[in-house]
Asks: 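One structure coming up, written as structure tokens, with questions to follow.
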Amino acid sequence: MNFKYDISIDEKWRKYWEDNKTYKFDKDSKKPKYYLLEMFSYPSASKLHLGHWWNYSLPDSFGRMKRMQGYNVFQPMGFDAFGLPAENYAIKTGIHPKDSTAKNIETMEEQLKKLGATYDWDYEIKTNEEEYYKWTQWIFLQLYKNGLAYRKDAPVNYCPKCQTVLANEQASGGECERCHSKVEHKHLTQWFFKITEYADQLIEGLKNLDWPEKTKRIQTNWIGKNTGSMVDFALEEFDQKITVFTTRVDTLMGVTYVVLAPENKLVDLITTKEQKQEVEKYKEYVTHLSEIDRTSTVKEKTGAFTGAYAIHPITKQKVPVWISDYVIESYGTGAVMAVPAHDERDFDFAKKFNLEIKQVITNKEKNATLPYVEEGYLINSGLYDNLTTKEAKEKIVEDLQKLNLGKKTTTYRLRDWLISRQRYWGAPIPIIYCKHCGIVPVDEKDLPVKLPYNVDFKPNGKSPLAYCDEFLHTTCPKCGRPAIRETDTLDTFVCSSWYYLRYLDPHNDKMPWDKKITDKFMNVDKYVGGVEHAAMHLLYARFIYKALRDMGYVSYDEPFQSLVHQGTILGSDGQKMSKSLGNTVTADDYVNKYGSDVFRLYLAFGFSYTEGGPWSDDGIVAISKFFQKIQRVFENFANLKPSDYNKIDEELTISMHKTIKAVTTDIEKFQFNTAVARLMEYTTALQKYQTKSERNYAQEKEAILNYAKLLSPFAPHYMEEVWESLGEQNSIFNQSWPLYDENKTVSKNIEIVIQINGAIKSRIIIPCGLETSEMEKIALSDEKVKNLLIGKNIKKIIAIKDKLVNIVAI
RNA sequence: GCUGGUGUGGCGAAAUGGCAGACGCACAAGACUCAAAAUCUUGCGAGGGCAACUUCAUGUGGGUUCGACUCCCACCACCAGCACCA
């Protein structure tokens with residue numbers, strides 16, 4: 001019999017679980033399913049850090065409870081194994097990404113097992129393996145066939161250091177997400193996924209999801225839906241028009257010029273001879289601006305006049321056409337109508353270049369100062385005078401529509417997802433270019449397009465695959481003539497946008513997944529991961545899932561029903577943990593010293609899971625002591641001999657039911673810290689009971705067995721040992737989670753407070769559940785209260801059941 | 001700038017509009033001990049009082065309410081997301 005916790009126990013039970021396949025996932029189980037998923041990680045060379053333990057051990061505690069509650073819990077683990085770091089490491093050291101990744105995965109698996117989590121490793125996936133990326137390529141082909149993947153020449157974000165193109169999401173703020181180099185602009189022919197086609201659905205779908213509001217907002221903002229109008233300005237001498245997007249069509253009568261983005265295709269066409277030089281100079285200037293410089297709001301306005309004029313759709317007056325970098329080519333139509341009186345940017349621009357400012361909106365007091373950007377009433381607008389801005393918006397669009405010069409429209413901030421990467425370590429894009437047939441998708445039966453091993457992976461702006469002859473040269477699937485392969489690889493976010501489906505059927509070589517299985521186990525019931533993926537992975541995965549749904553491969557609308565973000569554990573200095581700051585913490589030191597269960601429990605107790613906070617190991621010793629306390633409680637019980645004494649201890653009963661209730665609901669809400677607090681209280685209650693001269697064996701046994709079960713999600717190895725020592729049937733994780741009786745969570749009597757004018761004056765003990773009228777009577781008959789009420793008039797009495805009585809008196 | 005979130009003891013943190021600070025850490029005193037460790041007990045927001053007790057306290061200032069950490073308004077600080085998005 002052993003009730004003591006030490007590290008040797010960890011090993012013993014991990015082996016037991018493995019040998020007995022305790023956590024084997026049974027696809028055919030009749031139990032209700034529960035898909036618990038934590039974002040998989042990138043296989044890094046260093047040992048598991050604190051963050052891994054934090055991310056994975058606590059959701060595992062949650063999963064263990066679910067399992068004991070009778071759910072068929074599916075909690076898989078795998079690796080997001082393609083990506084830049086392995087390739088950069090290869091460039092530095094010469095070690096092939098495939099080899100370093102394999103080695104890292106091996107180390108990480110070893111370490112992850114130390115967590116003592118309930119993963120069934122038969123369902124492990126590695127995104128760099130052929131059996132996985134074959135299907136990543138397959139997904140690309142399905143999107144291509146359905147018109148959701150296309151190629152276009154586009155200005156792209158290019159990181160000079162990583163030598164690759166980045167998605168907008170990976171280049172926000174004008175910096176490379178990975179190395180923080182300034183992002184450059186280049187024009188390249190790239191592959192895109194048409195995520196914009198799903199923009200509306202991606203907003204709509206959020207409504208029914210149990211996600212943090214913050215995350216929904218990030219996605220909504222990122223998609224940036226905006227309703228407004230398109231308005232056409234005819235060009236004087238050309239058979240062309242400038243279409244602008246505006247949300248303030250009510251200010252149309254105040255337009256004094258039109259501005260195009262410097263990259264707008266019309267610019268070259270309309271620029272006059274006289275202005276050619278100036279416009280070219282300005283365009284040149286813009287291409288050399290970094291993203292940061294260009295998007296800085298404090299920057300003074302710059303621009304150039306094209307010499308051309310456009311025709312105002314209503315007044316038919318000529319307005320000058322300018323170009324300026326404050327207009328962005330990729331948003332709206334890449335052209336705006338300028339209303340300097342009612343837009344700050346236009347106002348600044350007009351001031352700088354001495355352009356006309358015409359006020360058309362004013363406020364109620366008719367004393368608006370320019371630029372006036374609020375709502376108001378129209379003036380100087382002919383027919384539309386005196387309308388409110390709201391009325392004018394409707395009326396003007398109506399009129400424009402009659403003239404066929406405008407209409408209501410919606411735009412999005414979201415851009416299509418650029419998925420081409422000029423790198424080696426990723427899934428090759430399954431496309432072949434043939435001189436005769438053009439772009440030809442690889443035949444599905446020829447998948448995977450294998451990533452060759454022997455390449456020179458030094459980056460130089462082109463994919464290393466472009467220099468690999470055996471890869472590059474192939475034959476056209478259509479005409480059989482020599483052709484070449486696409487040499488770019490897929491963004492790793494493509495790999496991670498569908499892994500939750502593959503987990504369910506990881507070794508299927510006929511199809512990416514069996515729909516019968518995914519229909520049964522999707523959606524993910526609880527998805528746990530960092531908030532930093534809100535505008536990237538979580539958006540991409542939702543898009544891919546919806547696209548797959550529309551092609552009939554999956555059945556539901558959303559992949560992740562409920563989402564929890566773990567907070568970040570910072571370094572003890574309050575900074576993000578990073579090697580360069582030297583504030584990283586390795587879990588190993590603690591695990592080796594105290595054992596994994598002590599460490600797990602400390603993580604659970606020390607921080608709020610959704611908030612995290614600066615790391616501190618104050619208190620880990622206390623948890624270690626808490627384990628000794630637990631040990632004594634079990635030992636005390638083990639030494640107790642069954643006897644005839646069978647009196648039920650009310651206090652212990654209540655304590656037990658209360659604890660079951662609190663621990664259950666707290667774990668459900670991912671409030672592990674308070675769950676542990678309740679278990680500490682329960683420990684004290686058990687200790688107290690065990691000091692009694694006579695103890696009811698049956699009652700104590702029930703209390704003790706439930707105690708072990710409640711502790712087991714947090715201390716799985718230890719409680720497994722205790723369970724065995726108690727002579728119970730293994731495994732504790734095959735037992736059912738304790739249930740509580742609501743009636744037994746409260747005692748017969750309860751202390752309530754009596755307040756006079758809101759200040760506590762007395763405390764009395766009354767029977768639980770007493771009617772409020774009775775409570776009032778008792779309160780008024782209390783001696784202290786009586787004395788305090790002498791000479792006062794009672795105006796009102798408020799009584800709250802089982803809580804308080806408040807007497808309002810003057 | 002816009003949009004959110006957060007703000008509670010020396011520290012980590014708790015509180016369906018109903019006893020603020022649960023549960024811990026640290027600290028202090030006591031018991032046990034030759035002593036220490038461990039363990040146990042007690043205290044622990046601030047001020048005043050020998051005490052019973054009392055006043056003030058959840059970023060600041062208002063408000064709603066019998067009653068506000070909690071709801072409303074304004075402001076301050078920090079954090080996050082977006083940012084010349086028409």
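Chain letters run A, B, ... following the sequence lines, proteins first, then strands; residues in each count from 1.
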Asks: For nucleotides B:C66 and B:G47, find the distance between their P atoms and express it as a whole number of Å.
Replies: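 B:C66 and B:G47 have their P atoms separated by 35 Å.
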Asks: Determine: side-chain N/O of A:Gln671 to OP1/OP2 of B:A15, distance under 4.0 Å, yes or no.
Replies: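 The answer is yes; a side-chain N or O of A:Gln671 sits under 4.0 Å from OP1 or OP2.
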Asks: Can you measure A:Asn221 atom CG to B:A83 atom P for me and round it to whole angstrom units?
Replies: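 Between P of B:A83 and CG of A:Asn221: 10 Å.
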Asks: Taking only the side-chain nitrogens and oxygens of A:Lys214, find out if one of them lies under 4.0 Å from OP1 or OP2 of B:G4.
Replies: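 So the side chain of A:Lys214 is outside the cut-off, no N or O lying under 4.0 Å from OP1 or OP2 of B:G4.
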Asks: Does A:Tyr326 put a side-chain nitrogen or oxygen below 4.0 Å from OP1 or OP2 of B:A86?
Replies: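 So the side-chain polar atoms of A:Tyr326 never come under 4.0 Å of the phosphate oxygens OP1 or OP2 of B:A86.
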Asks: I want to confirm an ordering. Mapping A:Arg632 and A:Gly612 to their closest nucleotides on RNA chain B, which one lands closer to the 5' end?
Replies: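 Closer to the 5' end of RNA chain B: A:Gly612.
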Asks: A:Gln687 has an atom CD; how far is it from atom C1' of B:U39, in whole Å?
Replies: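 To the nearest whole Å, that distance equals 10 Å.
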Asks: Could you run down nucleotides 18-24 of chain B 5' to 3' and tag each one B, S or - for protein heavy-atom contact under 4.0 Å?
Replies: BB--BBS
Asks: Where does B:G7 fall, syn or anti, if syn means a chi angle no more than 90° from 0?
Replies: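 With its glycosidic angle more than 90° from zero, B:G7 counts as anti.
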Asks: When Watson-Crick pairs (N1 to N3 and N6-O4 or O6-N4) and G-U wobble pairs (N1-O2 and O6-N3) count only below 3.5 Å on both distances, what is the dot-bracket string of RNA chain B, with | for other-strand pairs?
Replies: (((((((..(((.....[....))).(((((.......))))).((((....))))..(((((..]....))))))))))))....
Asks: Does A:Lys301 get its side chain close enough to the base of B:C84, under 3.5 Å, for a donor-acceptor pair?
Replies: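 When only heavy-atom distances are counted, A:Lys301 does reach the base of B:C84 through a donor-acceptor pair under 3.5 Å.
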Asks: Using the C1' atom in both, what is the distance from B:G18 to B:G67, to the nearest Å?
Replies: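 Between the two C1' atoms, the distance is 7 Å.
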Asks: What residues, two or more places apart in sequence or in another chain, satisfy side-chain contact (heavy atoms from CB on, under 4.5 Å) together with A:Leu780?
Replies: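 For A:Leu780, the residues satisfying side-chain contact (heavy atoms from CB on, under 4.5 Å) (neighbours in sequence not counted) are A:Leu789, A:Ile794, A:Ile797, A:Ile807.
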Asks: With C1' as the reference atom in both, quote the distance from B:U58 to B:A52 in angstrom, rounded to an integer.
Replies: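 Pairwise C1' distance, B:U58 against B:A52, rounds to 28 Å.
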